[in-house]
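Residues take their numbers from the sequence shown, with the count starting at 1. In this text, all values refer to a predicted model and were calculated from it rather than measured experimentally.
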Amino acid sequence: MMKKHKNFIYGVGIFLVLAIGGIFIFGGIFSPKAPQLATVVCATGGGKENFLADEEINLILEQEYGIKVEHISWSNGRISDQALADDAANSYDAVFFSDERFYEQYTQANNQVYKRQKGFIALKTPIVMYSWKEVADLLVSQGIVSKRGETYYVTGMEKLLSLIDDEVKWRDIANAGSPVYSNPNAINIASVDPEKSSPGATYYGLLAAIMDSTNQSGKITEQTIERLQKYYIKSGFMGTAPIDLFNKYLMMGMGAYPVIVDYEKSLIDWAISNPSEYNKVAGRIVVLYPEPTIWNSHCIISFNDKGTIFVDALEKNQRIQEIAFEKYGFRMGLVSANTDKFLTELGEIHIEGIPQEIYSVVQGLKMDGYNQIIEGLSNTR
């Protein structure tokens, strides 16, 4: 009896081993596989690399939309239907511009290979000025800047530009006891080169609109071009990388860079990435919002159904839109944004002076208008 009992146990054991093995083998063969992700190949202009690489955003695209997006870097000025078609190594599903003027240019072209299926303004950030508390208070006393709530607005843009035109020095408008009085230089606003950088071109488009506010033709007058040329010459050396200018502003401080022009997202992006550093200067850095200001817009176009899935995700997914602003400073979706808190590795922070909405805005110039400005500036060399 004992022998039979042992044989029975062995038999049950062998059966269980075979059964478990069968589960693994046949389960592996017949279990449903994870759905295959569709790869969306997108020609992409710069300025949004961190946003596009965000792990949570890419997880949303994979899990909710079944796509994996491959971004191939392009210069905005090089993107055309023919240029994309000439890239034999890639077949494109979408294009993501960093400037609305190139988006409009592509949309209006007679594209034969990569035709637009759907497009919209996906990411946007306004042109702002970055300054320092002492400088901002001085500009308030001159009637150039107004403070509403905790936000500073440049309500006297024409007056500020006139001071630059007339080569007024900082010490000419500052009291002897002010640290700004120690600055011997003429009043100026540092920017990147409008001939070589999108933020600079956008800023000069804003200047043209302010200098010629009654002109509704879309064409830039000769008088405005001449004034922009003089302004451009007074600017002196101009770099081409916005991040370099913003870093110089932070590192060299009020004496070297009393006021610079950049995107709103630059401060938000930097403060989120460097919360402890931001907390050290939070009371001194001041964001000045020109009234009016102008938007810089990152616009996307799909060429087929795969590309449109990506476009729809950016347009309609609320979580992606929240991440865009809370982590990278891009405004998406509705014009109002939650500026009370931003997410960092050290927890939530509040960035002073960022308004929930931007009210005073001029329309961006068409490509012809920007070309007029760039051609006029190039003639000053």
Side-chain angles (χ1 to χ4, degrees), residues 126-191 199-200 202-215 221 223-224 226-228 230-236 245 249 253-264 266-267 281-295 339 351-363:
I127 283 285
V128 301
M129 298 175 185
Y130 292 107
S131 188
W132 304 91
K133 183 69 166 58
E134 297 88 344
V135 177
D137 288 344
L138 175 61
L139 295 177
V140 169
S141 72
Q142 295 294 310
I144 295 170
V145 169
S146 301
K147 188 178 182 184
R148 301 196 290 271
E150 66 172 31
T151 304
Y152 289 81
Y153 296 92
V154 187
T155 48
M157 276 294 296
E158 262 292 0
K159 184 174 181 180
L160 178 57
L161 296 179
S162 294
L163 293 176
I164 295 172
D165 287 342
D166 296 338
E167 300 183 9
V168 176
K169 292 180 171 58
W170 286 106
R171 63 174 45 180
D172 293 335
I173 63 170
N175 295 323
S178 168
V180 185
Y181 183 80
S182 301
N183 191 330
N185 300 308
I187 296 171
N188 205 352
I189 303 168
S191 75
T202 305
Y203 172 53
Y204 270 68
L206 172 63
L207 291 178
I210 293 170
M211 293 174 179
D212 199 7
S213 59
T214 61
N215 179 15
T221 64
Q223 292 85 354
T224 299
E226 290 175 4
R227 191 175 175 191
L228 287 173
K230 294 176 182 176
Y231 188 93
Y232 184 64
I233 292 169
K234 287 185 175 71
S235 296
L245 177 61
Y249 158 78
M254 183 176 65
Y257 291 96
V259 185
I260 70 166
V261 168
D262 199 354
Y263 295 142
E264 178 191 60
S266 295
L267 174 62
V281 294
R284 295 199 57 217
I285 286 180
V286 173
V287 191
L288 306 174
Y289 287 82
E291 287 197 331
T293 188
I294 192 170
W295 288 104
T339 61
I351 302 176
E352 294 182 13
I354 307 292
Q356 289 196 354
E357 294 190 36
I358 309 295
Y359 295 105
S360 182
V361 180
V362 295
Q363 293 298 315

Using side-chain heavy atoms (C-beta onward) and a distance below 4.5 Å, is [X] in contact with [Y]?
X	Y	answer
Tyr152	Met129	no
Tyr359	Thr293	no
Asp262	Tyr249	no
Glu264	Val287	no
Val154	Tyr289	no
Ser360	Tyr153	no

Taking atom [atom1] of [X] and atom [atom2] of [Y], what is their separation to the nearest 0.5 Å?
X	Y	atom1	atom2	value
Leu207	Ile294	CG	CD1	9.5 Å
Leu206	Thr202	CG	OG1	9.5 Å
Thr339	Gln356	OG1	CD	4.5 Å
Leu288	Thr151	CG	OG1	10.5 Å
Asn183	Glu134	CG	CD	12.0 Å

Completion exercise
By ring-ring contact (aromatic ring centres under 6.0 Å, His included), Tyr231 pairs with (sequence neighbours left out) Tyr204

Fill in the blank from the handout: Partner of Val135 under side-chain contact (heavy atoms from CB on, under 4.5 Å), picked from Val140, Val180, Val286, is Val180

Practice task
Applying side-chain contact (heavy atoms from CB on, under 4.5 Å) between Tyr130 and each of Val261, Leu245, Ile260, report the one that passes.
Solution key: Ile260

Exercise for the section: Using a cut-off of 6.0 Å, state whether more than 12 heavy atoms not belonging to Gln142 lie near its atom CD. Expected result: yes

Practice task
Not counting sequence neighbours, which residues clear side-chain hydrogen bond (donor to acceptor under 3.5 Å, both in side chains) with Ser178? List them please.
Solution key: none

Exercise for the section: Could I get the full list of side-chain hydrogen bond (donor to acceptor under 3.5 Å, both in side chains) partners for Glu158, not counting sequence neighbours? Expected result: Arg227

Practice task
Output all residues satisfying side-chain contact (heavy atoms from CB on, under 4.5 Å) with Leu163, sequence neighbours left out; order by chain, then residue number.
Solution key: Ile144, Val168, Ile187

Completion exercise
Sorted by chain and number, sequence neighbours left out, side-chain contact (heavy atoms from CB on, under 4.5 Å) with Lys234 holds for Ile164, Glu167, Lys230

Handout entry: NZ/NE/NH1/NH2 to OD/OE distance under 4.0 Å, Lys133 and Glu352
Key = no

Practice task
Report the C-alpha distance between Ile189 and Leu160 in whole Å, list the side-chain angles of each, state the deciding distance to 0.1 Å, and finish with yes or no for side chain to side chain contact (heavy atoms under 4.5 Å, CB included).
Solution key: CA-CA 10 Å; Ile189 303 168; Leu160 178 57; 3.7 Å; yes

Of all the heavy-atom pairs spanning [X] and [Y], show the shortest one and how long it is.
X	Y	answer
Ala208	Leu228	CB-CD1, 4.1 Å
Thr155	Ser146	OG1-OG, 3.0 Å
Ala190	Tyr257	CB-CD2, 4.0 Å
Ser131	Ala136	OG-N, 4.2 Å
Val361	Ile358	CG2-CG2, 3.7 Å

May I have the list of side-chain donor-acceptor pairs in residues 170-177 shorter than 3.5 Å, sequence neighbours left out?
from   : atom 1 : to     : atom 2 : distance (Å)
Arg171 : NE     : Tyr181 : O      : 3.4
Asp172 : OD2    : Lys169 : N      : 2.9

Practice task
Report the C-alpha distance between Tyr263 and Val128 in whole Å, list the side-chain angles of each, state the deciding distance to 0.1 Å, and finish with yes or no for side chain to side chain contact (heavy atoms under 4.5 Å, CB included).
Solution key: CA-CA 6 Å; Tyr263 295 142; Val128 301; over 6 Å; no

